[in-house]
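Letters go in sequence order (proteins before strands), and every chain restarts at 1.
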Protein chains: 2
Amino acid sequence: MTERISDAEHAVMEVLWDKSPLTAQEVAERVPAEREWSANTVKTLLGRLLAKNIIAHEEEGRRYRYRPLVARADYVAGESRKLMDRLFGGRLTPLVAHLAERDQITDQDIAEIEALLKDLKS
Amino acid sequence: MTERISDAEHAVMEVLWDKSPLTAQEVAERVPAEREWSANTVKTLLGRLLAKNIIAHEEEGRRYRYRPLVARADYVAGESRKLMDRLFGGRLTPLVAHLAERDQITDQDIAEIEALLKDLKS
DNA sequence: TCGTCACGATTACGTCTGTAGTCAATAGGG
DNA sequence: CCCTATTGACTACAGACGTAATCGTGACGA
């Protein structure tokens, strides 16, 4: 039942996942510079995330400190699954195969994944 | 420079990637039933995809037949890359690792991917 | 020939998103 | 004690999206 996180909201979440709790101002300072957001924009996004129950805030003097209510790993799992379901019929193999074909996989990737799979077996 | 494909538009694209060219009516018939779209909705989406230059149409008597201008593989590659960049720092290994941890990978997946990687190493 | 139907084009409209300005309260400096 | 700077709340607003009704035109059966 967790509500959708938009792209802009996601940028805010990454900041909070990296470190929390933070004040609105601290979040604004840590958001990637490319975004060039005004402090107000960040506050709006924090407000929307609050309304969606994706973050919480605790009073600290005359301001708030915000912290995530959902774990990054859960979010990431959901997004990964959605992509696999939508584009690869829910299977991981076609995803890996696709990326391999596209030369988006390096020799090092191959070695790392092989090691990973080896650990998983047994 | 290819424009964004929204979620609803993507459902239409899947139909056309599966078979094309198709008339608007044929597309409507083939769209997954869960969507429960009216024929008009499908036509609107076809119109938007046309405007975005993601599909083309050829006149056929008093109607059109629509066909994709972008390959599914290209779209899929773009979406996969976006996900990896956004959530896994652009690396494939963490994606696989994440799914493995989450038990979203089966023994068969492991075997298949191992075979795949073996082929790649030539 | 006339009404109806099949199509694409146009228009509609509420919601979500990205981005930000404005307002009200309050705490701190002078 | 008053002015100002900070901070969260509220408001704004254009563009994308999901979903669809309506309009205009040409084809086709009666």
Can a salt bridge be assigned to the pair [X] and [Y] using a cut-off of 4.0 Å between side-chain N and carboxylate O?
X	Y	result
A/Lys52	A/Glu9	yes
B/Asp85	B/Arg91	no
A/Arg65	A/Glu59	no
B/Glu26	B/Lys19	no
B/Glu114	A/Lys118	no
A/Asp7	B/Lys82	no
B/Glu58	B/Arg67	yes

[X] [atom1] to [N] [atom2]: how many Å, rounded?
X	N	atom1	atom2	value
A/Arg4	D/dG18	CZ	P	11 Å
B/Glu34	D/dT19	CD	P	12 Å
A/Asn40	D/dC13	CG	P	16 Å
A/Arg65	D/dT7	CZ	P	12 Å
B/Glu60	D/dA27	CD	P	14 Å
B/Leu46	D/dC17	CG	P	16 Å
B/Arg35	D/dA20	CZ	P	12 Å
A/Glu59	D/dG8	CD	P	10 Å

For [X], answer base if it contacts any base atom (sugar-phosphate contacts may also be present), sugar-phosphate if it contacts only those atoms, and nothing otherwise; contact means non-hydrogen atoms under 4.0 Å.
X	result
A/Arg63	sugar-phosphate
B/Ala39	nothing
A/Thr23	nothing
A/Thr41	base

Covered region of DNA chain C, 5' end to 3' end, by chain A [heavy atoms, under 4.0 Å]: C/dT17 to C/dA27
Using the C1' atoms of five pairs at each end, what's the angle between the two axes of the helix from C/dT1-D/dA30 to C/dG30-D/dC1, to 10 degrees? 20°
Of B/Tyr66 and A/Asp7, whose nearest nucleotide on DNA chain C comes first from the 5' end? B/Tyr66
Per nearest nucleotide of DNA chain C, the residue lying toward the 5' end, A/Ala8 or A/Arg62, is A/Ala8
Any side-chain N or O of A/Gln25 below 4.0 angstrom from OP1/OP2 of D/dT6? no
From the options D/dG18, D/dC28, D/dT7, select the nucleotide whose nearest atom is closest to the side chain of B/Arg48. D/dG18
Select one nucleotide: of D/dG8, D/dC17, D/dA20, the one nearest the side-chain heavy atoms of B/Glu9. D/dC17
Side chains of A/His10 and B/Arg86 only: does a donor on one sit below 3.5 Å from an acceptor on the other? yes
Less than 3.5 Å apart, any donor N or O on the side chain of A/Ser38 or A/Thr41 sitting next to an acceptor on the other? yes
Distance, nearest 0.5 Å, that separates CG of B/Leu87 from NE2 of B/His98: 9.0 Å
Earlier contact from the 5' end, DNA chain D, for B/Lys52 and B/Thr44: B/Lys52
